[in-house]
There are 2 protein chains.
Amino acid sequence: MSTKNKILDAAEKLFADKGFNGTSLREITSLAEVNLAAVNYHFGSKKELIKAVMSRYMDELSPKLEAALGVICQSSDQPSLIEVFSAFVEPLLALNNFQEHGTTNFLQLLGRGYTDSQGFLRWFLTTSYPNVIDNFVEAVHKAYPALSAEDMFWRLHFTMGTIVFTMSSSDALMDIARNDFNNNVDIAGVIKQVIPYVAAGVAAPI
Amino acid sequence: MSTKNKILDAAEKLFADKGFNGTSLREITSLAEVNLAAVNYHFGSKKELIKAVMSRYMDELSPKLEAALGVICQSSDQPSLIEVFSAFVEPLLALNNFQEHGTTNFLQLLGRGYTDSQGFLRWFLTTSYPNVIDNFVEAVHKAYPALSAEDMFWRLHFTMGTIVFTMSSSDALMDIARNDFNNNVDIAGVIKQVIPYVAAGVAAPI
DNA sequence: CGTTAGTTTAAACACTTGTTTAAACTGTGT
DNA sequence: ACACAGTTTAAACAAGTGTTTAAACTAACG
């Protein structure tokens, strides 16, 4: 495996676990078993490394999401909100083939991107991958045409918050669920739980 | 104003803005216009300062929340979920009398507590103020008895995520809403938007 | 072989972090 | 006036941060 990929793998794991601010380059290079200076040689800076970690996932995920949402938009039937949100499931779970713990890591990283780093990552993501968001908004509008643009705006952000916040602490939550309910739930189980919740939230009467 | 309170006020503002990890003691003491060593003299460590900032709010808020939720629990009628969540509104908005921008600051800090600091703040809050959570769970159960303990657990965490995530980026969101919809929304308006969403989410069919 | 571009390495850089020290200052009570 | 507890202060501490440097290594090509 190349030095570059060793760094990306180690950084991904540590960033998801402890946040971008909370992870030092020395921790990353030590886990990756490469020299400290290799990060700046291959990526230029820590900020660029963060972008590279996120891009690796987004480049894999965004075409699949665009496609799945596009099918819903172009179908002649009116979709249910459950169907719209379910379009995310398979592409998200497929990240587990792409990388070990890919689904969890990506969703945790997404959450970090919103809370760490004063929003520079949010800006990077929304400007780099606007089609995903556009298709999503269109699909939701098709499923619930009565929703005004402003209500839509707020409810999509509430949904984003639910997903991202849940996933960024999903390890702790799954531990609690295991202890308190003897129910061995995994990331797919959490996604199954959250879809009815957000679908009902978006569908709430105005 | 005492040195201790000057530190608490400055720390609160900076913590809410940039997170616990992202704020240095020198930034705090410089904004508070006190000596650097004053933090360790009055609070012992940065960790204890974080706890103190949160405790100041929780000690103000938790009796009011317990009371408001207690009323619902002890009433003979079955409450709606909208009523349960509405019980939070007045105590939360009252924080604006307690401190400038108190509502926003507190909710942002709560969000930081879940994502920064590897969960030590979550542990501190749930063990220090268990009655609030217990009363809340009881009220929700009364409004929706069919919900199993496990489903309740997940949906309450989804709700927590919605609130906390929304509020931690509420400034940016309100700006967007102002630009895109010419609608001058404030924090009370956001709360009005979010209550139907979370109520519908928790009430979703199983 | 010798050259050269690409990569890895140890060391140092300048800077920031939370914490501690010991001296100076403050006001209150004797 | 003195003493003393409480508080503030400047300075230093050790440890950790991202980044840069220049030398060493590696492999491919003429």
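From a predicted model like this one, the values you see are computed outputs, not experimental measurements. So that the names make sense, note that chain A is the first sequence line, chain B the second, and so on, each numbered from 1.
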Expressed as a whole number of angstroms, how long is the span from [X]:[atom1] to [N]:[atom2]?
X        : N       : atom1 : atom2 : value
Tyr41(B) : dT26(C) : OH    : P     : 15 Å
Phe43(B) : dT8(D)  : CZ    : C1'   : 15 Å
Asn40(B) : dA14(D) : CG    : P     : 17 Å
Glu48(B) : dT20(C) : CD    : P     : 13 Å
Ile7(A)  : dT7(C)  : CD1   : P     : 12 Å
Ile28(B) : dT17(C) : CD1   : C1'   : 12 Å
Leu25(A) : dG18(D) : CG    : P     : 4 Å
Lys46(B) : dT20(C) : NZ    : C1'   : 17 Å

Is the distance from OP1 or OP2 of [N] to the nearest side-chain N or O of [X] less than 4.0 Å?
X        : N       : value
Ser24(B) : dT17(C) : yes
His42(B) : dG6(D)  : no
Asn35(B) : dT8(D)  : no

Original post:
Does Arg26(A) get its side chain close enough to the base of dG16(D), under 3.5 Å, for a donor-acceptor pair?
Top reply: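 Answer is no: no donor-acceptor pair is held.
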**OP:** Would you indicate whether the side-chain heavy atoms of Ile163(A) and Leu110(A) approach each other to under 4.5 Å?
**Re:** no
Original post:
Quick one: which of Phe136(A), Tyr144(A), Tyr197(A) gives a ring pair (Phe, Tyr, Trp, His ring centres under 6.0 Å) with Phe85(A)?
Top reply: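 Option passing the ring pair (Phe, Tyr, Trp, His ring centres under 6.0 Å) with Phe85(A): Phe136(A).
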Original post:
Start at the 5' end of DNA chain D and walk down; is the nucleotide closest to Leu36(B) or to Thr3(B) reached first?
Top reply: Thr3(B)
Original post:
With nearest nucleotides of DNA chain D determined for Glu27(A) and Gly44(A) from heavy-atom distances, which residue corresponds to the more 5′ nucleotide?
Top reply: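 First, find each residue's nearest nucleotide; the 5'-ward one identifies Glu27(A).
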Original post:
Is Ser2(B) touching bases, backbone alone, or none of the nucleic acid, heavy atoms closer than 4.0 Å?
Top reply: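 Since no nucleic acid heavy atom lies under 4.0 Å of Ser2(B), the category is nothing.
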Original post:
Using a cut-off of 4.0 Å on non-hydrogen atoms, how would the nucleic acid contact of Thr23(A) be classed: base, sugar-phosphate, or nothing?
Top reply: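 Contact class for Thr23(A): sugar-phosphate only.
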Subject >> salt_bridge(Asp9(A), Lys6(A)) N-O dist < 4.0 Å >> reply: no
Subject >> CG-NE2 distance between Leu107(A) and His101(A), expressed to the nearest 0.5 angstrom >> reply: 13.5 Å
Original post:
Taking the six-membered ring for Trp, is the centroid-to-centroid distance between Phe165(A) and Phe165(B) below 6.0 Å?
Top reply: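 Ring-ring flag for Phe165(A)/Phe165(B): false, centres at least 6.0 Å apart.
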**OP:** State which of dT19(C), dT17(C), dT19(D) makes the closest approach to the side chain of Ser45(A).
**Re:**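 Given the options dT19(C), dT17(C), dT19(D), the side chain of Ser45(A) is closest to dT19(D).
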